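Chain letters run A, B, ... following the sequence lines, proteins first, then strands; residues in each count from 1. Only a predicted model underlies this, so the values are computations on that prediction, with no experimental measurement involved.
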2 protein chains.
Amino acid sequence: MAKSNRLADEGFARFKTYLREQRLKSTAQRDAIVEIFLKGAGHVSVEELYGAVRKQNPRIGYATVYRTMKLLTECGLADERHFRNGEARYEIAEKDHHDHLICERCGKIVEFEEDRIEALQEETARRLGFELRGHKMELYGVCLDCRRRGREN
Amino acid sequence: MAKSNRLADEGFARFKTYLREQRLKSTAQRDAIVEIFLKGAGHVSVEELYGAVRKQNPRIGYATVYRTMKLLTECGLADERHFRNGEARYEIAEKDHHDHLICERCGKIVEFEEDRIEALQEETARRLGFELRGHKMELYGVCLDCRRRGREN
DNA sequence: GCGATATTGAAACTCATTTTCACTTAGTTC
DNA sequence: GAACTAAGTGAAAATGAGTTTCAATATCGC
């Protein structure tokens, strides 16, 4: 088991380095949470992560998962997102920026980047006197699969 | 007092009609909340609204403000938004769609529309197999005033 | 191994929002 | 306009995501 995955291993190493630098401690719980997060599919909620982590070690508490995800976010390995319902979802931080397209029926989340939009955002902010620092853009719609599947919802 | 304002009056009438249609009751509390909301500057939080409403009628409860804002949202007179911190802010629903540019220093909220961005969003969704239904776009930056005022923050 | 310091889990606590419930009202009905 | 009934109200309790507290435990540096 514990199938190896280059990205996950790299991330794990980065996390360990971060802990050392900050004089924080390495613990079995942190290792378990970080490992599962890094091997996962992305856009996980704390609840989902908690569930997965518990399967491996049922004594880990909710608070520890929250605390660890905060750490991961601080050290730049995870990005915290808040979609429509507000509960946090984490994704593995990638070097390149992207936005999200979300299916309103099945909840599928697709990532995309569109430089032309970014350029226009920059231009718009400048035009209104702002120095752009960041943005949040989410597109909501219905995916192909759901449209094929008919209108249940 | 009760300075008149065409838009607010129209909205108020629409609200009254909605209540009648839905066989809901007109009450002094609802009237007060809706009137204050419609005459206000937009992007109010429930807390701010509650404060303003209380000045006029101190016996109105928090729950009633929430309930009334929900009603206003349902009948299309108010739009509910969630910016970075997550607490809801309401704005008077305008006919034309717009997005927001928010100053990270002073919290100022500027509305804008940019059809070229909308067009690219539509195109992007289609390219990825989605039928676009809506979107959320917020730009964050620092406004001119805050940049002039130097870097306190 | 020792000891200082960080971490943990469980439970208590926030904070925004919603729900409950006994009581009051608005909009009919006669 | 009195009576009726469904809807609305305020206060307080409940919710749900997330955070903090605290006593017990584990880690790291020597």
Side-chain angles (χ1 to χ4, degrees), chain A residues 15-37 43-75 78-90, chain B residues 12 15-37 43-75 78-90 107:
Chain A
F15 178 63
K16 292 294 211 172
T17 305
Y18 178 75
L19 291 182
R20 238 174 292 118
E21 281 168 3
Q22 306 294 312
R23 250 139 264 172
L24 300 175
K25 290 172 180 172
S26 250
T27 67
Q29 320 29 3
R30 283 180 176 168
D31 287 0
I33 295 164
V34 172
E35 197 182 325
I36 289 177
F37 169 69
H43 305 115
V44 247
S45 65
V46 171
E47 181 149 13
E48 288 160 2
L49 201 50
Y50 177 68
V53 165
R54 280 224 139 200
K55 271 190 219 151
Q56 192 176 296
N57 177 351
R59 356 187 64 264
I60 290 183
Y62 236 102
T64 301
V65 179
Y66 273 107
R67 290 189 273 231
T68 304
M69 290 320 292
K70 213 180 194 182
L71 262 183
L72 273 177
T73 305
E74 278 161 24
C75 82
D79 281 334
E80 188 178 330
R81 309 268 176 191
H82 291 264
F83 300 118
R84 283 236 160 118
N85 65 124
E87 138 242 61
R89 287 189 170 270
Y90 294 89
Chain B
F12 200 74
F15 179 62
K16 291 294 209 172
T17 303
Y18 179 75
L19 290 182
R20 239 175 290 119
E21 282 169 2
Q22 305 294 311
R23 248 139 264 171
L24 300 174
K25 291 172 180 172
S26 251
T27 67
Q29 313 42 355
R30 282 178 177 170
D31 287 0
I33 296 164
V34 172
E35 197 182 325
I36 290 177
F37 169 68
H43 306 115
V44 248
S45 64
V46 172
E47 182 150 12
E48 289 160 1
L49 201 49
Y50 176 69
V53 165
R54 280 225 139 199
K55 271 191 217 147
Q56 191 177 295
N57 178 350
R59 357 188 63 263
I60 290 183
Y62 234 103
T64 300
V65 179
Y66 272 106
R67 289 189 274 232
T68 304
M69 289 319 294
K70 213 181 195 181
L71 262 183
L72 274 176
T73 304
E74 277 161 25
C75 82
D79 281 335
E80 188 179 330
R81 308 269 176 190
H82 292 264
F83 299 119
R84 283 236 162 119
N85 65 123
E87 138 240 61
R89 289 189 169 268
Y90 293 89

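Annotation: side chain of A/Arg84 is not in contact with side chain of B/His82 (no heavy-atom distance under 4.5 Å). No side-chain heavy atom of A/Gln22 sits less than 4.5 Å from a side-chain heavy atom of A/Leu71. Counting heavy atoms from C-beta outward, B/Arg30 and B/Leu19 have side chains that approach closer than 4.5 Å. Contact check for A/Thr27 versus A/Thr64: no side-chain heavy atoms found under the 4.5 Å cut-off. No side-chain heavy atom of B/His43 sits under 4.5 Å from any side-chain heavy atom of B/Tyr90.
Closest of all the heavy-atom pairs between A/Thr73 and A/Met69 is OG1-O, 2.7 Å.
Here D/dT19 presents its P atom at 12 Å from CE of A/Met69, a figure rounded to the nearest Å. Taking atom CD1 of residue B/Ile60 and atom P of nucleotide D/dA11, one finds them 11 Å apart after rounding to whole Å. D/dG16 atom P lies 13 Å from atom CG of A/Asn85, rounded to whole Å. Rounded to whole Å, atom P of D/dC28 lies 10 Å from atom CZ of A/Arg20. One interatomic measurement links the two molecules: NZ of A/Lys16 to P of D/dC28, which rounds to 8 Å at whole-angstrom precision. Rounded to an integer number of Å, the gap from CZ of A/Arg30 to C1' of C/dT8 is 9 Å. B/Leu71 places its CG atom 7 Å from the P atom of D/dG8, with the value rounded to the nearest Å. For the pair A/Asn57 CG and C/dT8 C1', the computed distance is 11 Å after rounding to whole Å.
Checking B/Val65 against B/Arg23, the closest nucleotide of DNA chain D that is more toward the 5' end is the one next to B/Arg23. Across the interface with DNA chain C, nearest-nucleotide mapping of B/Leu24 and A/Thr68 shows A/Thr68 to be the residue nearer the 5′ end.
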Per-nucleotide pairing state of DNA chain C [Watson-Crick or G-U, under 3.5 Å; [ ] pseudoknot-crossing; | other strand]: ||||||||||||||||||||||||||||||

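Counting heavy atoms of neighbouring residues, nucleotides and ligands inside a 6.0 Å radius, atom CD of A/Glu47 does not exceed 12 of them.
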Footprint string (nucleotides 14-25 of chain C, 5' to 3'): B base within contact, S backbone only, - free, heavy atoms under 4.0 Å: --SBBBB-----

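The existence of a salt bridge linking A/Lys70 and A/Glu80 is excluded, since no basic side-chain nitrogen approaches an acidic carboxylate oxygen closer than 4.0 Å.
Nearest to the side-chain atoms of B/Gln29 among the listed nucleotides C/dG9, D/dT9, C/dA26 stands D/dT9.
Results of the side-chain contact (heavy atoms from CB on, under 4.5 Å) test with A/Ile36 over A/Val65, A/Asp31, A/Leu49 single out A/Leu49 as the only residue that passes.
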